Amino acid sequence: MSETASKALGVPDANRWKALVFIALAQLMVVLDATIVNIALPSAQTDLGISDANRQWVVTAYALAFGGLLLFGGRIADLWGRKRAFVLGLAGFAVASALGGVATNGSTMFGARALQGVFGALLAPAALSLLAVMFTDARERAKAFGIYGAIAGGGGAVGLILGGVLTEYLDWRWTFFVNIPFAIVAAAGAYFVIREPEGSRNRSPLDIPGVILSTLGLVSLVYGFTRAESDGWSDAMTIGLLVASVVLLVAFVVTEARVKAPLLPLRVVTDRNRGGVYLSLGLAIIAMFGTFLFLTYYLQVVKGYSPIQTGFAFMPMVACMITGSTQIGARLMTRVAPRLLMGPGFLLAAVGMLLLAQLEIGSSYASVVLPAMMLLGLGMGTAFMPAMALATQGVQPRDAGVASAMVNTSQQVGGAVGTALLNTIAASATTAYIKDHIATAATGPQRQLVQLQGIVHGYSSAIWCAVGILVVAAAIALTLVNAGRPGGGAVVAGAGADDEVAVPVVAH
């Protein structure tokens, strides 16, 4: 059959499943990087002579560039083409990773991490939007997003294992070098396999005021919460950054409502279903990121696990997350409404959190931590899959990049907020506990016991808040998300009247 005939008949691209392999590989690389570097940070800090005051910039430089430029990256993908943005993002990420691996001082490392964030902000929305425009059949879309959601949710825990193995048996520099083969394989595969649908680019002029306002607003927001974690909520710089972020983001919304070709068309976020997904997903990430951090410290500091043991301790959760996403979410996505997967999924995760809130120094991994992790994984996997799929359903193909960027933005901002907010709650509860109990500890060992009890009490207090956040996320999903189950055609269900389009499914 000729290409012209195929286009006329609307035949799906025969290489779409091969393309999924390379898209998933790129997504795995980005997600792994978020945790793999954290494991290597103590060793890198020692080798490069980075001070305790500056070590946070290894994480913060990446977070600021990635979080601040996501909307811009999504718009560039819509303008240039997702395949081109995807390959360029992979190449840039590989170069930045190589620079981080050969860094000889802190400044080089900070610059490499910022550069990783820049290209990650181009790569992540391009990857998700490629899925959105290539998979339009309801059943195929469910399977594709099930795989993508499993990687997005579980890849971070895999990074803990890989980071521990590389740091302990090779060298911390390999936590950067490992990205290079990932990027080369994914870029080469994408170049030869991926074909974008026709008519899906947005060639409107770039909204420069929107780019500046959104970037500065998101950078201020992410950095404000990062500062809150390290310097406290009453710090003048923290308050100033958070106030500035509100002013800048409000100005951004006003600008987007007035300009002819906005960076983020408000139709993308004002749709009831997509708005509900972005909000509930962001809240769930707040709860999940903070809890992962507490569990990591609990297993290593309180229970004495090594980094590798800690990584393997997370594996049952990863397995359950993959099961929830690919076997529950993907199989039921075409049979029930998305809210009936998202709401119960978040509630199941909240039950897992509820178990973790009972943690004590002597709690058993097998009887408390393991079942809690399994419930958390099943719940998040089941909820993430329809959330990822619904977040890009119903958008016009030319808006797929910015819609995908909003998914990543809600995750990135949620991660920054969750880490800062829950850490602050935990630290305050720990300080109060130790202050109330330390006077009764007469000996050194007793004082150490009180300090450990205080740490676990702080974790428990913060996890209780995470339970509440997940319940709110479930309520939002159940009330705001009202899309029906996807139909069998290419027209996406649940879109507003302005957005409902027959998405083209034929490659160039």
Side-chain angles (χ1 to χ4, degrees), residues 24 27 31 128 131 135 138-158 273-274 276-289 291-292 314-356 370-393 407 410-411 414 418 466-486 493-494:
Q27 172 66 9
V31 175
L128 185 56
L131 287 188
F135 289 90
R139 292 186 181 278
E140 289 191 349
R141 186 181 178 91
K143 293 177 182 177
F145 276 90
I147 294 169
Y148 186 90
I151 292 172
V158 177
N273 290 293
R274 288 192 293 273
V277 166
Y278 298 145
L279 187 55
S280 61
L281 191 61
L283 287 171
I285 292 293
I286 289 175
M288 192 173 74
F289 266 55
T291 304
F292 280 3
F314 275 97
M315 284 307 293
M317 186 190 69
V318 176
C320 287
M321 195 169 286
I322 292 172
T323 300
S325 184
T326 62
Q327 301 304 311
I328 300 176
R331 289 178 182 274
L332 295 180
M333 180 69 180
T334 55
R335 301 178 185 178
V336 301
R339 68 179 182 276
L340 298 182
L341 292 172
M342 293 174 61
F346 289 140
L347 289 176
L348 185 61
V351 173
M353 290 282 194
L354 197 60
L355 282 179
L356 287 178
L370 178 59
M373 280 186 169
M374 293 177 71
L375 289 173
L376 188 59
L378 276 174
M380 287 296 192
T382 301
F384 272 18
M385 185 269 144
M388 291 283 187
L390 190 59
T392 52
Q393 278 187 1
V407 178
S410 66
Q411 291 177 311
V467 172
I469 292 170
L470 279 173
V471 171
V472 172
I476 290 172
L478 288 169
T479 55
L480 282 185
V481 178
N482 64 353
R485 65 182 180 86

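Everything numeric in this text was worked out from a predicted model, so none of it was measured.
- Contact of the V351 side chain with the L347 side chain is not registered, since no non-hydrogen atoms from C-beta on lie closer than 4.5 Å.
- L376 is linked by a side chain to side chain contact (heavy atoms under 4.5 Å, CB included) to F292, M317, A349, M353, M380, counting only residues two or more places apart in sequence or in another chain.
- Judged by distance alone, the side chain of N482 and the main-chain N or O of N273 form no donor-acceptor pair under 3.5 Å.
- Taking all atoms of both residues into account, the shortest heavy-atom contact from L355 to A372 is CB-CB, 3.7 Å.
- Considering CG of L279 and CD1 of I476, their distance stands at 4.0 Å, rounded to 0.5 Å.
- Closest heavy-atom contact between A387 and V277: O-CG1, 3.3 Å.
- Put simply, CE on M288 and CG on L470 are 9.5 Å apart, with the number rounded to the nearest 0.5 Å.
- The nearest pair of heavy atoms linking P338 to L390 is CB-CD2, 4.0 Å.
- Looking at L348 and T382, their side chains never come closer than 4.5 Å, going by heavy atoms from C-beta outward.
- Separating the CE atom in M373 from the CE atom in M321 is a distance of 10.0 Å, to the nearest 0.5 Å.
- Taking each heavy atom of A284 and A473 in turn, the nearest pair found is N-CB, 4.3 Å.
- Rounded to the nearest 0.5 Å, atoms CG (L378) and OG (S325) are 11.0 Å apart.
- The shortest non-hydrogen separation linking A466 to A287 is O-CB, 3.7 Å.
- Here the shortest heavy-atom pairing between A474 and G343 reads CB-O, 3.5 Å.
- Here A383 pairs with F346 under the side chain to side chain contact (heavy atoms under 4.5 Å, CB included) rule; sequence neighbours left out.
- Every side chain to side chain contact (heavy atoms under 4.5 Å, CB included) that P316 has, sequence neighbours left out, goes to Y365, L370, M374.
- Proximity of a side-chain donor or acceptor of T323 to a complementary backbone N or O of A319 within less than 3.5 Å is detected.
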